[in-house]
2 protein chains.
Amino acid sequence: MNAPAWNLRDRQRRERLTRAATALGPQLHGRHVATDAAVALLEAVLQPGDRVCLEGNNQKQADFLAQALTQVDAQRVHDLHMVQSVLALPEHLDVFETGIAKRLDFSFSGPQGGRLAKLVSSGGIEIGAIHTYLELFARYFIDLTPKVALVAAHAADRQGNLYTGPNTEDTPAIVEATAFSGGLVIAQVNEIVDVLPRIDIPADWVDFVIKAPRPNLVEPLFTRDPAQISEIQVLMAMMAIKGIYAEYGVQRLNHGIGFDTAAIELLLPTYGERLGLKGKICKHWALNPHPALIPAIEAGWVESIHSFGSELGMEDYIRARSDVFFTGADGSLRSNRAFCQAAGHYACDLFIGSTLQMDLQGNSSTATLGRITGFGGAPNMGADARGRRHASPPWLKAGSEARAGRPGAAGTPRGQKLVVQMVETFREHMQPAFVERLDAWTLQQQAGMALPPIMIYGEDVSHVLTEEGIANLLLCRTDEEREQAIRGVAGYTAVGLARDTRMVENLRDRGVIKRPADLGIDPRDATRNLLAARSMRDLVRASGGLYAPPKRFRNW
Amino acid sequence: MNAPAWNLRDRQRRERLTRAATALGPQLHGRHVATDAAVALLEAVLQPGDRVCLEGNNQKQADFLAQALTQVDAQRVHDLHMVQSVLALPEHLDVFETGIAKRLDFSFSGPQGGRLAKLVSSGGIEIGAIHTYLELFARYFIDLTPKVALVAAHAADRQGNLYTGPNTEDTPAIVEATAFSGGLVIAQVNEIVDVLPRIDIPADWVDFVIKAPRPNLVEPLFTRDPAQISEIQVLMAMMAIKGIYAEYGVQRLNHGIGFDTAAIELLLPTYGERLGLKGKICKHWALNPHPALIPAIEAGWVESIHSFGSELGMEDYIRARSDVFFTGADGSLRSNRAFCQAAGHYACDLFIGSTLQMDLQGNSSTATLGRITGFGGAPNMGADARGRRHASPPWLKAGSEARAGRPGAAGTPRGQKLVVQMVETFREHMQPAFVERLDAWTLQQQAGMALPPIMIYGEDVSHVLTEEGIANLLLCRTDEEREQAIRGVAGYTAVGLARDTRMVENLRDRGVIKRPADLGIDPRDATRNLLAARSMRDLVRASGGLYAPPKRFRNW
């Protein structure tokens, strides 16, 4: 028997680098590869079965490299195992149809969810698992380490240092896992400059840099036009602020994406101010730079925001408000999804988000039939952080509500995260948000998953907020109480109509359910006039002209 | 009213940089500060009340900067708020005695735990909170962002790029939070070189570099001399391997520090091999480079190890086994505590560690009276990761054991992490490991904490393993069962003697409690001969002479 080889990874790395040098010839200068040699580079360095991270972020896409990957010779490069946060582009699935890729581990598929489900059911793709972002990054260091990473940066210098700019997002986590495990890092950049505004990724960690013919795609996912916020959403936002944020004194929080939470952001400087809450709630955020938060920032509500990614059009505003955002010495945002998810998990007292369906146990899911969309960051942020040990008033209050009077291990004092699901009882097309059985169960069978794709488990939900009221699940002591508390805010859905009226009234007497009236909120006050900005133009104005919304949002 | 200023942070940063330039004069060249100007630098840049991260890691210490900080003029620099992972050096507490610092947020204090408790009770120190590592890092991005970071690196180049080498540990998290929030980063280095082996931290993120007069302190915390492993520990390790690792098929795991888990590591190539478990368990690790794992690595058990930090003496071995460890292109380890903690939380199926005390609810703590030691990484790794969504066989099996037959939200199918507490029933000086009441409760009162300092909550523990057997708490359905399961493995402690014998036998019949005999283990086979290495010298031999233990461990 030969002595075992222990530096195979390093040897293979050198072989791949040599193959690239040979294949590219004069199209390779130092770390720089000619734009039209992208496909040749990928064919030279990739091997069948390689684990590849193609940077598909929530916002930023390595779209040029994605396209190049679809063009490699499938005879030479096939059966790749793709590990990536987000499937956003058609190319992300094209590679499976051509056999270039075979297996997939991911977090979120959004717009490609329908096509993904079809590919899975036709056997064209093997799904390893669906993850929350930080969980997928974690596996990059354990059992899903990429052999090759295809990432996107804004600019590179001659040495190959990278400037990722405001949308740093996943790049540091991907590059660290790949570069320090004998893998290869290939970066597409929008431009090559002599001096970078700052260095986000050292050239040391990068093997190849290619200038893309077009700037990489970035999606403005967190922009919500205030004009589309309804008065029901204003009412729900009032309840969130008075019934939950003020009630618990929530200083550190994360907001999900959507109009429901945008309404909360826009009510802080008006309704929140009137309640005397400035400085008492909503000071520290784990949040993308939401334009809807501009009025609250301008009114002095916000001390700090750490961001997963950035938001198009917010660049100048961020630069001019650098006391609030995490920025580099160059003045532009440094986002970092890994750290921001850790912050959302461990340093925030409240997560509030929406869902499509919730069952009587409080389990909720955005999975719907015929689509495999994944979870994004919600499971990480919407889970009780059981490793947390530092105390804060809201966390202690939630924990003591959940544990008071319980015996045994469940009664040991412990804090708890506030996890709020904010849903109108009916969503689009009069689909009820409350159901006896989640579609996730059917989806589990269809896709052969080990568990139903539940985004947030009922065990982790503390409050359900609808236009009918707030159900505080922390105070429920039995499954029956929990079920009636949910039915009690489920409005005119079938689930809501089947409530036990007497039990619901009893829960209301005990403060488990609170109606707007119980909170001293008159629904007639819930008008759009309460919004600190009622249009995109108002947001621009509130920013002093610093916010420059993308074209599609310029509706004035 | 004046227009609010939004770039105060940046302005203050510039002012501090100017003050440093003025104070240091010719002692400042670019980013480089003369060694004897360290105190002057700190006096120039620090302001009363600043939040300061003094890099105290689990292993690596910015000891020169710690010393310099004790020497600043307390009239000028006082009431600092220290935010740091570990209090390891006397200087870390000296600054509180002199009034230079006032408030503390931390994770672990180890050897300084007794002095810390005294300082707290005399009012010489305000403790914000005790955290698990990742939780503290998370707060660096939310509400505990350092204004000044004092870090340690192995080397710097002329530009100020840093090479942190094998002990990168916390540095990237600290520097990122500080450098991108208008803070100042000061690094002590052992040497200044023309070309770094690799770049770990870009110069862009660093403001000042000082060559320390001595190399920074690094503690070999993870070295355990196999000669000190007892036969009881061998027996417990056999039970862990056969009764838990094999039973659940654990591939991805983290081991705590200590002789109990070192015994498991040393039994893999002998006992584990005999059971035919190679390739079936223990392939992927979140772990410092434990010397005790060398025989298993050499025998081909281990596919990958990602590390929080490094271990002194393992440098050459790691370099020669780069297929297994995360290393840079230079061949040396790249550790990263933030990513490794995320990996331990989200990508491992099992955490196994020891404790000093466990109560009848399964809550455990290493807190003892008169000492405030903190938690380190255990709460993060020893908590069920409720945000996790990818499935694996051990996680599904643990989850289904915990949930089978339960109604309501608690019965919704979900996986669960295996969290094993491995303790001898009596520890040193015949102190019982099982108690009716944790010292943590008294400590809570003494130190005025919001909650008792519980390291791992009973709700999160899946198995308790003692020399008497394994108690599987996942299978317990009532508080009473859980209590008897714990009593049933608590041996001759008062807690163990007070067991309900009939109920314990019933639990054994149901497989909730397993004795060695139930696992087919004959305690007479549990001899030190089973250890793949029985001395430090054996470990060196197993490594082919590549492992070079620190002097204090060279006992042959």
Side-chain angles (χ1 to χ4, degrees), chain A residues 6-10 129-132 134-135 137-139 141-143 180-181 198-199 202 204 252 284 286 306 320-323 326-328 334 339 342-343 346-347 361-363 375 379-380 383-384 386-391 396 407-410 412-414 450-451 457-460 479 482, chain B residues 6-10 129-132 134-135 137-139 141-143 180-181 198-199 202 204 252 284 286 306 320-323 326-328 334 339 342-343 346-347 361-363 375 379-380 383-384 386-391 396 407-410 412-414 450-451 457-460 479 482:
Chain A
W6 293 99
N7 297 85
L8 275 179
R9 228 163 49 175
D10 186 53
I130 312 177
H131 309 75
T132 187
L134 189 58
E135 175 187 12
F137 303 156
R139 293 190 72 189
F141 294 93
I142 298 289
D143 60 342
F180 291 103
S181 61
R198 69 170 190 246
I199 292 176
D204 248 26
R252 308 175 304 168
H284 301 283
H306 188 261
R321 298 291 178 269
S322 67
D323 284 355
F326 278 73
T327 55
R334 164 89 175 188
F339 280 127
Y346 268 132
Q361 286 77 49
N363 300 311
F375 306 121
N380 174 63
D384 186 31
R386 293 168 78 108
R388 175 174 162 178
R389 293 293 179 272
H390 77 280
L396 288 172
T412 304
R414 191 173 185 176
L451 295 173
Y457 282 83
E459 280 181 319
D460 287 322
D479 290 326
R482 167 184 288 258
Chain B
W6 293 102
N7 298 87
L8 276 179
R9 231 163 48 176
D10 187 53
I130 312 178
H131 309 75
T132 188
L134 189 58
E135 175 187 12
F137 303 156
R139 293 189 73 189
F141 295 92
I142 299 291
D143 61 342
F180 291 102
S181 61
R198 68 170 190 246
I199 293 176
D204 247 25
R252 308 175 305 168
H284 301 284
H306 188 261
R321 299 291 178 268
S322 67
D323 283 355
F326 277 72
T327 56
R334 163 90 174 188
F339 280 128
Y346 269 131
Q361 286 77 48
N363 300 310
F375 306 122
N380 173 63
D384 186 30
R386 294 167 78 107
R388 175 174 162 178
R389 293 294 180 270
H390 77 280
L396 288 172
T412 302
R414 191 172 185 174
L451 294 174
Y457 282 82
E459 280 182 320
D460 286 322
D479 290 327
R482 167 183 289 257

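Chain letters run A, B, ... following the sequence lines, proteins first and then strands; every chain starts at 1.
- Of the atoms belonging to B:R482, it is side-chain heavy atoms, and not backbone ones, that fall under 4.5 Å from chain A.
- Contacts between A:A286 and chain B at a heavy-atom distance below 4.5 Å involve backbone atoms as well as side-chain atoms.
- In this structure, the portions of A:R139 lying under 4.5 Å from any heavy atom of chain B include both its backbone and its side chain.
- A:D479 pairs by the salt bridge (Lys or Arg N to Asp or Glu O under 4.0 Å) definition with nothing, not counting sequence neighbours.
- With chain A as partner, the option from B:P413, B:G458, B:G362 having the largest number of non-hydrogen pairs under 4.5 angstrom is B:P413.
- Interface residue B:A320: only backbone heavy atoms are found under 4.5 Å from chain A.
- By the 30° and 60° cut-offs, the orientation of the rings of A:F326 relative to A:H306 is perpendicular.
- Both the backbone and the side chain of A:N380 come within less than 4.5 Å of a heavy atom in chain B.
- The heavy-atom pair separating A:Q361 from B:A409 by the smallest distance is CG-N, 3.5 Å.
- The minimum heavy-atom distance between B:A343 and A:F141, with the atom names listed, is CB-CB, 4.4 Å.
- Most heavy-atom pairs under 4.5 Å with chain A: of the set B:R388, B:R252, B:H284, B:R334, this distinction falls to B:R334.
- Heavy atoms closer than 4.5 Å to chain B are found in both the backbone and the side chain of A:L134.
- With a threshold of 4.5 angstrom between heavy atoms, A:F375 approaches chain B through side-chain atoms but not through N, CA, C or O.
- Under the side chain to side chain donor-acceptor pair (under 3.5 Å) criterion, A:R198 pairs with A:D200, A:D330, A:S332, not counting sequence neighbours.
- When heavy atoms are compared at a cutoff of 4.5 Å, A:L396 approaches chain B solely by way of its side chain, counted from C-beta outward.
- Both the backbone and the side chain of B:D323 come within contact range of chain A, with heavy atoms under 4.5 Å apart.
- We find that B:D460 and A:R414 are joined by a salt bridge, their nearest charged nitrogen and carboxylate oxygen being less than 4.0 Å apart.
- Looking at B:N363, the atoms closer than 4.5 Å to chain A (heavy atoms on both sides) all sit in the side chain, from C-beta outward.
- Residues B:H131 and B:E135 come closest through the heavy atom pair CA-OE1, 3.3 Å.
- Between the side chain of B:R9 and the main chain of A:S322, a donor-acceptor pair closer than 3.5 Å is present.
- Residues A:T132 and B:Y346 meet the side-chain proximity criterion, which asks for heavy atoms closer than 4.5 Å.
- Most heavy-atom pairs under 4.5 Å with chain A, from the set B:A383, B:A129, B:A138: that is B:A138.
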